[in-house]
Engineer: 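The structure is given below, and queries will be raised subsequently.
Per chain, numbering begins at 1; letters A, B, ... match sequence-line order. Nothing here was measured: the structure is a model prediction, and the numbers come from that model.
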Number of protein chains: 2
Amino acid sequence: MTAQRRAVIEVIQTANEHLDAAALLDLARNREPGIDRATVYRTIELLKRLRLIDELDLMHLQGEKHYYEVKTRRDHVHLACFRCGRIEEYSSPLFEQLKAEITEQAGFEIRVTRLEVGGNCHACAEAEKKAQREASAKPR
Amino acid sequence: MTAQRRAVIEVIQTANEHLDAAALLDLARNREPGIDRATVYRTIELLKRLRLIDELDLMHLQGEKHYYEVKTRRDHVHLACFRCGRIEEYSSPLFEQLKAEITEQAGFEIRVTRLEVGGNCHACAEAEKKAQREASAKPR
DNA sequence: GGGCTAGTTGCGACTGGGTCGCAATCAATA
DNA sequence: TATTGATTGCGACCCAGTCGCAACTAGCCC
Ligand SMILES: [Zn+2]
Ligand SMILES: [Zn+2]
Ligand SMILES: [Zn+2]
Ligand SMILES: [Zn+2]
């Protein structure tokens with residue numbers, strides 16, 4: 001257990017949004033100025049192996065980066081809005097049921113799951129509907 | 001509609017495994033020798049926008065590439081085995097129910113979903129159990 | 001406390017997937 | 001067939017992530 005690892009772990013734990021590796025590096029530098037990019041990546045790899053964090057793609061909404069969050073007791077779905085970019089979290093017993101079904105029916109030993117949904121969030125869906133109504137009311 | 005696009009589309013449609021962009025390029029070159037990497041990427045982007053194909057990460061089992069498959073009538077889960085690398089597909093009414101629930105409860109307008117599960121496939125889970133039994137039977 | 005050593009770090013070079021700007025080309029329509 | 005807006009190929013580029021290696025520590029034993 002080194003100071004560098006402690007820094008990365010603390011940053012992930014206290015974060016209240018989904019951080020990518022670059023953001024993680026920046027924040028970790030506040031606590032441990034000299035810390036290197038490679039060390040952050042290596043620590044992420046370690047924490048993934050220990051199953052302390054989950055890796056997310058968030059539908060690659062902003063480039064190919066990956067995001068990280070501490071593993072919660074209950075898996076949750078990430079809803080990514082293509083229009084405004086917001087990420088919503090959603091969890092449901094149905095998801096747990098589905099995982100149980102996969103374990104039973106396919107005999108698959110689940111270690112990690114990643115359910116991401118892309119589309120329009122409630123606010124954006126409403127906004128688009130309204131825009132469409134206006135467009136059809138006043139056709140060019 | 002150009003010959004290049006036709007080539008890419010035909011390759012994806014006739015593929016019976018999950019292809020990444022590089023594999024797609026190779027196969028498309030059989031039909032359309034001069035086709036360029038950029039064109040393949042641009043066509044993939046187009047097909048994604050038209051919702052004709054889905055993009056998969058397959059749990060980044062082999063690097064950071066992305067894989068593509070034609071959108072099927074029914075969404076399916078991809079089960080990726082960390083041990084042998086096999087990809088299994090699984091679909092269930094529970095998944096459809098979960099999507100419906102998200103639409104209703106969160107008011108989220110779903111355009112695309114991606115559910116990936118990592119772990120050990122049935123065969124590999126059995127193999128590991130067996131190896132563990134043997135290790136404990138003959139301790140060093 | 002003072003070595004010892006396996007494990008970790010920082011650095012810099014590198015890989016590989018993916019993007020972009022631009023001139024040349026082409027498909028589609030009239 | 002002439003026109004033209006969209007598409008292509010090319011090359012340079014970007015950026016996330018990886019790797020090899022020498023220097024450095026954390027943890028342990030004395
Ligand atoms: Zn939105
Ligand atoms: Zn989350
Ligand atoms: Zn990804
Ligand atoms: Zn397997």
Engineer: Under 4.0 Å, counting only non-hydrogen atoms across every strand here, what does A:Gly34 touch: a base, just sugar-phosphate, or nothing?
Structural biologist: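 If one applies the 4.0 Å heavy-atom cut-off, A:Gly34 turns out to touch the sugar-phosphate alone, with no base involved.
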Engineer: For the helix from C:dG1-D:dC30 to C:dA30-D:dT1, what angle separates the axis at the start from the axis at the finish, each from five pairs, in steps of 10°?
Structural biologist: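 Roughly 40° between the end axes, to the nearest 10°.
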Engineer: From CZ of A:Arg31 over to P of C:dT9, roughly how many Å is that when rounded to an integer?
Structural biologist: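 It works out to 17 Å between those atoms.
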Engineer: Take the protein atom CG of B:Asp36 and the nucleotide atom C1' of D:dG11, then report the distance between them rounded to whole Å.
Structural biologist: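 Interatomic distance, CG of B:Asp36 to C1' of D:dG11: 10 Å.
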Engineer: Nearest-Å distance, CD (B:Glu32) to C1' (D:dT8)?
Structural biologist: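 Nearest whole value for this atom pair: 11 Å.
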Engineer: Contact between B:Leu79 and A:Ile102 at the side-chain level, heavy atoms closer than 4.5 Å - yes or no?
Structural biologist: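 Yes, at least one pair of side-chain atoms sits under 4.5 Å.
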Engineer: How many whole angstroms separate atom CG of A:Leu47 from atom C1' of C:dT8?
Structural biologist: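 Rounding to the nearest Å, CG of A:Leu47 and C1' of C:dT8 are 14 Å apart.
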Engineer: Write out all pairs satisfying ring-ring contact (aromatic ring centres under 6.0 Å, His included) with one or both partners inside residues 114-134 of chain A, taking only residues at least two apart or from two chains.
Structural biologist: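 Matches after skipping sequence neighbours: none remain.
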Engineer: For A:Tyr67, run the side chain to side chain contact (heavy atoms under 4.5 Å, CB included) check against A:Leu58, A:Asp57, A:Leu24 and tell me which one passes.
Structural biologist: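 The residue from A:Leu58, A:Asp57, A:Leu24 that satisfies side chain to side chain contact (heavy atoms under 4.5 Å, CB included) with A:Tyr67 turns out to be A:Leu58.
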Engineer: Only pairs at least two apart or in different chains count here, so list each ring-ring contact (aromatic ring centres under 6.0 Å, His included) that has a residue in residues 28-57 of chain A.
Structural biologist: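 Non-adjacent pairs meeting ring-ring contact (aromatic ring centres under 6.0 Å, His included): zero.
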Engineer: Taking atom C1' of D:dA16 as reference, at what distance in whole Å does atom CG of A:Leu56 sit?
Structural biologist: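 After rounding, the gap between these two atoms is 16 Å.
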Engineer: Could I get the full list of side-chain hydrogen bond (donor to acceptor under 3.5 Å, both in side chains) partners for B:Arg86, not counting sequence neighbours?
Structural biologist: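 With sequence neighbours excluded, B:Arg86 shows a side-chain hydrogen bond (donor to acceptor under 3.5 Å, both in side chains) to B:Glu88, given in chain and number order.
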Engineer: Take atom CZ of B:Arg42 and atom P of D:dG11, then tell me their distance rounded to the nearest Å.
Structural biologist: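 Going from CZ in B:Arg42 over to P in D:dG11 covers 14 Å.
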Engineer: Using a 4.0 Å heavy-atom cut-off to protein, can you give one letter per nucleotide of nucleotides 23-30 of chain C, 5' to 3': B if the base is in contact, S if only the sugar-phosphate is, - if neither?
Structural biologist: ----SS--
Engineer: Please report, rounded to the nearest Å, how far the C1' atom of D:dG17 is from the CD1 atom of A:Ile44.
Structural biologist: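 Result: 10 Å.
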Engineer: Can you sort out the partners of A:Asp36 under side chain to side chain contact (heavy atoms under 4.5 Å, CB included), two or more places apart, ordered by chain and number?
Structural biologist: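 In terms of side chain to side chain contact (heavy atoms under 4.5 Å, CB included), with neighbours along the sequence ignored, A:Asp36 is linked to A:Ala38, A:Thr39.
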Engineer: What nitrogen or oxygen pairs link the protein and nucleotides 13-19 of chain C at under 3.5 Å?
Structural biologist:
| unit_1 | atom_1 | unit_2 | atom_2 | d |
| --- | --- | --- | --- | --- |
| C:dG18 | OP1 | B:His66 | ND1 | 2.8 |
| C:dG18 | OP2 | B:Tyr41 | OH | 2.9 |
| C:dG18 | N7 | B:Arg37 | NH1 | 2.8 |
| C:dG18 | O6 | B:Arg37 | NH2 | 3.3 |

Engineer: Sort and list the pairs that fulfil ring-ring contact (aromatic ring centres under 6.0 Å, His included) and have at least one residue in residues 72-107 of chain A, not counting sequence neighbours.
Structural biologist: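 Of all non-adjacent pairs touching residues 72-107 of chain A, those that pass ring-ring contact (aromatic ring centres under 6.0 Å, His included) are A:His18-A:His78, A:His76-A:His78.
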Engineer: Can you list the residues that meet the side chain to side chain contact (heavy atoms under 4.5 Å, CB included) rule with A:Thr2, with sequence neighbours excluded?
Structural biologist: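 Only A:Gln4, A:Arg5 meet the side chain to side chain contact (heavy atoms under 4.5 Å, CB included) criterion with A:Thr2.
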Engineer: Name all residues meeting the side chain to side chain contact (heavy atoms under 4.5 Å, CB included) criterion together with B:Ala127; count only those two or more places apart in sequence or in a different chain, and write none if there are none.
Structural biologist: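 Per chain and number, B:Ala127 pairs via side chain to side chain contact (heavy atoms under 4.5 Å, CB included) with B:Arg83.
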Engineer: Who are the side chain to side chain contact (heavy atoms under 4.5 Å, CB included) partners of A:Arg31, not counting sequence neighbours?
Structural biologist: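 Checked A:Arg31 against side chain to side chain contact (heavy atoms under 4.5 Å, CB included); matches are A:Ala7, A:Glu10, A:Val11, A:Thr14.
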Engineer: Figure out the CD/P separation between B:Gln62 and D:dG17, and round it to whole Å.
Structural biologist: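 Result: 18 Å.
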Engineer: If a pair satisfies side-chain hydrogen bond (donor to acceptor under 3.5 Å, both in side chains) and one of its residues is in residues 45-55 of chain B, list it, with sequence neighbours excluded.
Structural biologist: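 Every pair satisfying side-chain hydrogen bond (donor to acceptor under 3.5 Å, both in side chains) with a residue in residues 45-55 of chain B: B:Lys48-B:Glu55, B:Asp54-B:Lys71, B:Glu55-B:Tyr68.
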